[in-house]
Amino acid sequence: MDEMEENRAEKIHEMFKKSKKNQMSENINEENIDEEIQKLEKANRIISTYQRFMDAFEKDLDIDPGRLMGLTDGIFSIVMTLLIFGMALPENEIANYTGFMNFIGSISPIAGVVIVSFILLASFWIYHHEFLKIKRLNIPYLWMNMFYLASLCFIPFTTSLIGNYSHFFLANVIFGVNILLVVGFFLLNFYYAQKRGFLEEYTSEEDKKHVFNTLCIIMGLTVIVNLLDFNVNPNFIYLFLLVPIISTIRHIQYIMK
């Protein structure tokens with residue numbers, strides 16, 4: 001009996017503690033309800049401001065997309081022309097045939113890299129006109145395209161760098177990073193334009209997969225070529241000439257499907 005009375009007393013004591021806690025929480029909730037409402041209103045104002053900002057930020061611009069395409073073509077043509085300026089005649093006049101042949105031999109590696117870079121730029125130009133035909137644009141897309149063009153503008157410099165200093169690993173890394181940035185910004189432009197409905201033509205999942213896989217192959221080839229060029233033989237830089245071949249074969253296969 002004593003044990004039963006003790007258990008009963010413990011249960012009554014626990015019930016009393018629970019009821020007291022509930023009463024305290026109700027009092028706290030009543031006291032803090034105004035504060036919670038104010039917090040919610042403040043959060044709603046912040047979210048509303050952020051949403052209005054993003055709507056304004058992503059609003060279509062009253063800019064003819066043709067002007068952006070014209071700027072892109074102009075930069076491509078200038079960059080492709082600037083490649084040749086990485087090759088220069090010797091400061092002193094060449095007096096004999098032996099000296100002339102030595103000069104030709106000394107610039108042949110640079111000439112080879114210039115050809116490689118020209119082919120890469122031509123491939124990037126083709127990709128841009130084939131996959132980035134836009135009918136409208138906004139501020140984010142405009143600046144993403146500007147960063148893409150900026151990465152292109154560095155190619156003449158990195159070409160001269162690897163042409164003259166390919167025996168330094170850092171020169172190979174800088175050239176490789178430059179190419180990877182061009183490909184990366186292109187993919188960013190493509191997926192953003194596709195997501196926002198900026199592209200002139202409908203892009204299916206197969207189209208996206210084709211573009212992504214083609215450019216990933218180029219990125220992988222860039223890494224492999226840079227490693228082989230430094231560790232094995234500088235002539236491995238000419239593997240970049242496979243880019244138009246790979247792209248053409250993949251394009252024909254895609255059309256046949």
Side-chain angles (χ1 to χ4, degrees), residues 75-76 78-91 94 97-128 130-131 147-188 190 209-254:
I75 289 177
F76 263 105
I78 292 171
V79 169
M80 294 168 89
T81 303
L82 286 175
L83 287 173
I84 196 63
F85 287 94
M87 302 170 61
L89 292 172
E91 295 181 0
I94 300 173
Y97 184 76
T98 303
F100 179 75
M101 291 304 296
N102 290 336
F103 166 69
I104 295 297
S106 66
I107 66 168
S108 58
I110 303 175
V113 177
V114 166
I115 293 171
V116 167
S117 294
F118 189 91
I119 296 297
L120 286 173
L121 284 168
S123 300
F124 294 146
W125 180 82
I126 292 170
Y127 298 150
H128 194 277
E130 185 176 1
F131 301 124
F147 283 119
Y148 170 71
L149 296 177
S151 61
L152 284 172
C153 290
F154 280 94
I155 288 183
F157 169 72
T158 56
T159 298
S160 297
L161 202 64
I162 196 173
N164 289 287
Y165 303 105
S166 61
H167 51 285
F168 293 128
F169 182 66
L170 184 58
N172 291 269
V173 170
I174 293 173
F175 181 77
V177 169
N178 193 180
I179 301 302
L180 291 177
L181 283 174
V182 172
V183 176
F185 280 123
F186 179 89
L187 284 173
L188 188 63
F190 175 77
K209 190 181 294 185
H210 169 69
V211 175
F212 180 77
N213 290 342
T214 300
L215 292 175
C216 280
I217 290 172
I218 296 175
M219 294 174 78
L221 182 65
T222 301
V223 175
I224 292 170
V225 168
N226 275 269
L227 291 173
L228 292 175
D229 181 64
F230 176 74
N231 293 304
V232 182
N233 192 303
N235 290 326
F236 275 105
I237 193 73
Y238 296 111
L239 285 176
F240 275 122
L241 297 177
L242 292 174
V243 168
I245 298 173
I246 293 171
S247 301
T248 303
I249 292 173
R250 284 185 55 80
H251 184 68
I252 292 172
Q253 289 177 335
Y254 181 70

Counting only heavy atoms from other residues, nucleotides and ligands, does the tally under 6.0 Å from OH of Tyr238 exceed 12?
yes
Note, [X] side chain near [Y] side chain (heavy atom, < 4.5 Å):
X: Leu215; Y: Ile218; value: yes
X: Phe190; Y: Tyr127; value: no
X: His210; Y: Phe212; value: no

How long is the gap from [atom1] on [X] to [atom2] on [Y], to the nearest 0.5 Å?
X: Ile162; Y: Phe157; atom1: CD1; atom2: CZ; value: 12.0 Å
X: Thr222; Y: Leu239; atom1: OG1; atom2: CG; value: 11.0 Å
X: Arg250; Y: Asn213; atom1: CZ; atom2: CG; value: 5.5 Å
X: Leu152; Y: Leu121; atom1: CG; atom2: CG; value: 6.5 Å
X: Leu221; Y: Cys216; atom1: CG; atom2: SG; value: 12.5 Å

Determine, step by step, whether Leu241 and Ile245 satisfy the side chain to side chain contact (heavy atoms under 4.5 Å, CB included) criterion, reporting the C-alpha distance in whole Å, the side-chain angles of both residues, the deciding distance to 0.1 Å, and the verdict.
CA-CA 7 Å; Leu241 297 177; Ile245 298 173; over 6 Å; no
Donor-acceptor pairs under 3.5 angstrom involving side-chain atoms of residues 111-120: please list them, not counting sequence neighbours.
unit_1 : atom_1 : unit_2 : atom_2 : d
Ser117 : OG     : Val113 : O      : 3.2
Ser117 : OG     : Thr159 : OG1    : 2.6

Ignoring hydrogens, what is the shortest heavy-atom contact between [X] and [Y]? Give both atom names and the distance.
X: Gly163; Y: Ile110; answer: O-CG1, 3.8 Å
X: Ser123; Y: Val243; answer: OG-CG1, 3.8 Å
X: Thr214; Y: Ser247; answer: CG2-OG, 4.2 Å

Determine whether a donor-acceptor pair (N or O, by modelled atom type, separation under 3.5 Å) exists between the side chain of Asn231 and the backbone of Leu227.
yes
Could you check whether the rings of Tyr148 and His128 sit parallel, tilted or perpendicular, using 30° and 60° as the cut-offs?
parallel
Would you sort out whether Phe236 and Asn233 count as a side chain to side chain contact (heavy atoms under 4.5 Å, CB included), showing the intermediate values?
CA-CA 6 Å; Phe236 275 105; Asn233 192 303; 3.8 Å; yes
What side-chain donor-acceptor pairs closer than 3.5 Å can you find for residues 169-187, not counting sequence neighbours?
unit_1 : atom_1 : unit_2 : atom_2 : d
Asn172 : ND2    : Ser166 : O      : 2.9
Asn172 : ND2    : Phe168 : O      : 3.0
Asn178 : OD1    : Ile155 : N      : 3.2
Asn178 : OD1    : Thr158 : OG1    : 2.8
Asn178 : ND2    : Ser151 : O      : 2.9

Taken in chain and number order and not counting sequence neighbours, the residues that satisfy side chain to side chain contact (heavy atoms under 4.5 Å, CB included) with Ile224 are Leu228
